[in-house]
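Here the structure is laid out as structure tokens; the discussion comes afterwards.
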Amino acid sequence: MSDTLIKAADAAAATPHPDFDAVVVGAGFAGLYALHKLRDQLGLRVCVLEAGSGVGGTWYWNRYPGARCDIESIHYSYSFSNELQQEWEWSEKFASQPEILRYLNHVADRFELHEDITFDTRVDSVVWDDSTATWQVSTDTGHTVSARYFISAAGNLSVPKEPEFAGTDVFTGELYMTGKWPHHDVDFTGKRVAVIGTGSSGIQVITEVAKQAEHLTVFQRTPTYATPLRNGPADPDRVAAIKATYPEMRMASRNTQGGIVFDRDPLPSAMAVTPEERRRVYDDRWELGGFHISSASFNDIVTDKAANDTISNYVRERIRECINDPALAERLVPTTYPYGTKRPTFEAAYYDAYNRDNVTLVDVSDAPITTLSPSGLRTAHDDYDFDMIILATGFDAMTGPLLKMNITGRNGQRLADKWARGPRTFLGIQVHGFPNLFTITGPQSPSVLYNMPLAVEDHVDFAADAITYLCAHGYNTIEPTAEAEDAWVVQNNALADQSLLPGTNSWWMGANVPGKPRVCLVFLAGANVYRGICEDVVNGGYHEFSLTLEGQPVRETVG
Ligand code: N01
């Protein structure tokens with residue numbers, strides 16, 4: 001625990017003033033920028049609490065072999081400092097986890113952020129105290145600090161999903177989770193390894209483990225539609241061209257749906273062109289790699305089933321071409337859900353792994369894994385022995401990180417109770433009944449469908465603007481009205497219903513965690529539309545919010 005937190009906790013009992021103006025949870029992309037923005041630009045007293053022993057957030061925890069970002073580095077980086085974006089050099093088109101972690105450490109050093117971060121400290125209770133208009137933030141180290149503003153920068157994919165099978169404590173071999181990978185080297189040489197899960201994490205780790213393990217067995221419940229990433233060394237000419245107009249490029253990116261300017265613009269509809277033209281577009285985006293195929297082909301592939309069939313069939317056909325054994329290929333081809341209704345995955349030699357003699361695919365869609373055993377695992381059909389098991393089974397996404405902190409708002413209302421049937425927010429950043437709580441890239445914002453560094457900058461800027469507004473008017477608290485929140489929830493659900501997403505069991509829909517409410521967790525109209533809505537709210541003087549001065553409402557609000 002840092003001296004700052006101990007001193008603040010000691011002083012807490014003695015003073016009615018909050019220990020900090022703002023407590024920020026998490027020191028990943030969002031928390032680092034929040035600290036810089038609130039401390040260095042607004043002049044607030046800020047404390048960052050971080051469960052890990054270093055900065056990096058998702059890039060600190062997900063250090064499994066093969067971990068790499070599938071958004072181009074030149075986009076997947078901060079834009080808030082032109083000096084920073086000019087001076088940092090990415091070595092590859094798509095950065096690996098170690099390089100992103102080096103970048104985030106560089107940012108923390110460059111902006112002197114470490115000194116206000118308390119590491120190895122997990123927030124386990126956050127309670128609003130109406131009498132002092134402060135949040136009381138308690139940690140697993142036994143300390144409580146108070147703050148006027150509570151900023152969750154705890155991430156969207158930071159709580160690994162609880163295994164759906166029993167026995168993780170009885171397996172006597174080595175057990176790993178991609179989302180909590182150890183800091184020591186893991187040697188797969190000569191080992192019989194199992195990987196469970198074939199999402200983004202699974203396909204990256206499978207690709208690497210296949211090259212080393214004596215034998216790799218992949219347990220697949222649902223095949224993925226993986227398309228080529230096409231990584232390579234950063235192209236100096238392309239980098240120079242982007243850096244020459246970086247601020248303009250960032251602004252253009254923010255005005256797109258997903259926060260990335262692609263090499264191609266998407267066409268309006270897959271159904272408005274001939275089959276030959278469609279094929280030409282898909283082939284072209286396939287060759288370009290990464291998100292080009294999903295985000296820069298046709299605009300209606302996740303809203304129109306007939307349009308979707310064209311891309312789903314195209315990707316299926318291309319997957320078949322990658323696998324030598326036609327029967328095995330059929331087991332790797334997704335058939336039960338439309339392309340793009342789960343988060344797209346990108347591969348480099350993932351399918352090649354299945355052409356190796358040391359890799360076996362086990363389909364557990366009909367015969368689920370029931371338990372790990374002392375020597376391996378058991379499905380409804382068979383027993384398997386392993387030296388190592390790797391869980392790549394995903395996350396309790398979006399709401400999990402917030403609910404895990406046990407947040408209690410006004411009148412003792414628990415966030416977990418309020419969200420029992422799914423999240424309720426306004427703009428995905430504030431919650432009625434939870435004053436001065438800001439959820440960076442929270443549920444019902446574009447979040448994971450918006451290039452994350454830009455998404456976190458926009459949200460932190462929104463929070464900073466709201467705090468500045470409060471300070472300028474002498475107000476104590478801000479929270480959305482119930483009416484504004486209701487309307488936002490309705491709008492989110494209506495957008496989801498206009499898409500193909502609700503029909504698929506994805507983490508976007510909360511459907512990967514048994515018992516979790518099935519509701520779309522992401523605002524689907526695009527970052528550009530969302531930014532326009534936020535701008536109107538700010539320019540309109542926060543009319544969708546209740547504001548208080550010394551505990552008294554300062555105006556009757558409109559919904
Ligand atoms: O998790 P997932 P992830 N028995 O939920 C399977 C980001 N990310 O960690 O589909 C058997 O996608 C599950 O099967 P099913 C990215 O946003 C980005 O891979 O539920 N299998 C699925 O195959 C991504 O979307 C990058 O039927 C079980 C897998 O486990 C998000 O993180 C890299 C099972 C989970 O896939 C999450 O990705 C990594 C069970 N009981 C992550 N339970 C890049 O930028 C679950 N599964 C490249």
Side-chain angles (χ1 to χ4, degrees), residues 57-59 61-73 75-76 94-97 100 155-168 177-181 194-208 217-229 231 258 289-291 294 332 334 336-337 340-348 350 361-372 377-380 389-398 400 441 447-453 455 504-514 516 521-522:
T58 197
W59 300 106
W61 296 103
N62 288 270
R63 48 182 73 220
Y64 58 85
R68 176 180 301 284
C69 186
D70 53 19
I71 295 176
E72 241 188 289
S73 327
H75 293 290
Y76 192 84
F94 297 95
S96 66
Q97 173 272 333
I100 300 173
N156 301 104
L157 295 156
S158 50
V159 175
K161 184 177 102 152
E162 289 294 322
E164 286 171 45
F165 34 80
T168 47
M177 239 181 202
T178 49
K180 273 191 185 170
W181 198 261
V195 172
I196 304 172
T198 52
S200 300
S201 308
I203 71 168
Q204 289 185 331
V205 80
I206 286 164
T207 307
E208 294 308 310
T217 306
V218 175
F219 289 86
Q220 170 188 273
R221 187 165 68 182
T222 311
T224 188
Y225 289 93
T227 61
L229 181 65
N231 189 26
F291 275 95
S294 55
L332 285 161
T336 56
Y337 66 100
T341 58
K342 281 177 182 271
R343 202 274 198 184
T345 60
F346 303 100
E347 61 96 38
Y350 167 63
L361 180 71
V362 176
D363 180 347
V364 291
S365 56
D366 289 332
I369 298 166
T370 52
T371 184
L372 300 198
L377 65 79
R378 208 162 285 154
T379 70
I389 297 177
I390 298 172
L391 305 181
T393 45
F395 298 88
D396 181 357
M398 310 292 295
T441 64
S447 60
V448 292
L449 295 184
Y450 182 14
N451 178 20
M452 270 305 205
T504 295
N505 292 332
S506 70
W507 62 259
W508 287 339
M509 291 298 303
N512 64 326
V513 174
K516 188 165 169 167
L521 297 168
V522 191

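As the structure is a computational prediction, the values presented were derived from the model and not from experiment. Just follow the structure's listing: the first ligand is 1, and inside any ligand the first atom is 1.
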Applying a 4.0 Å heavy-atom criterion (strictly less than), which segment of [X] is in contact with ligand 1: side chain, backbone, both, or neither?
X      : result
Phe346 : neither
Phe165 : side chain
Ser365 : neither

Identity and separation of the nearest protein heavy atom to [atom]:
atom                    : value
atom 15 (P) of ligand 1 : Thr222 OG1, 3.5 Å
atom 23 (O) of ligand 1 : Thr198 N, 3.0 Å
atom 36 (O) of ligand 1 : Gly199 CA, 3.6 Å
atom 9 (O) of ligand 1  : Ser201 OG, 2.6 Å
atom 35 (C) of ligand 1 : Ala392 O, 3.4 Å
atom 32 (O) of ligand 1 : Leu157 CD1, 3.4 Å
atom 5 (O) of ligand 1  : Trp507 CD1, 3.6 Å

Best match, Arg221, Arg343, Arg68: closest heavy atom to atom 48 (C) of ligand 1: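 The nearest heavy atom belongs to Arg68.
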
Close approach, [X] and ligand 1, non-hydrogen under 4.0 angstrom:
X      : answer
Gln220 : no
Tyr64  : yes
Thr178 : no

Glu164, CD atom: more than 12 neighbouring heavy atoms under 6.0 Å: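 Enclosed: over 12 neighbouring heavy atoms sit under 6.0 Å from CD of Glu164.
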
Gly394 neighbourhood, listing ligand 1 atoms whose heavy-atom distance to it stays under 4.0 Å: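 What qualifies from ligand 1 is 1 (O), 5 (O), 9 (O), 35 (C).
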
Ser200: numbered ligand 1 atoms lying under 4.0 Å from its heavy atoms: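 What qualifies from ligand 1 is 8 (N), 16 (C), 18 (C), 19 (O), 24 (C), 25 (O), 26 (C), 33 (C), 39 (C), 42 (C).
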
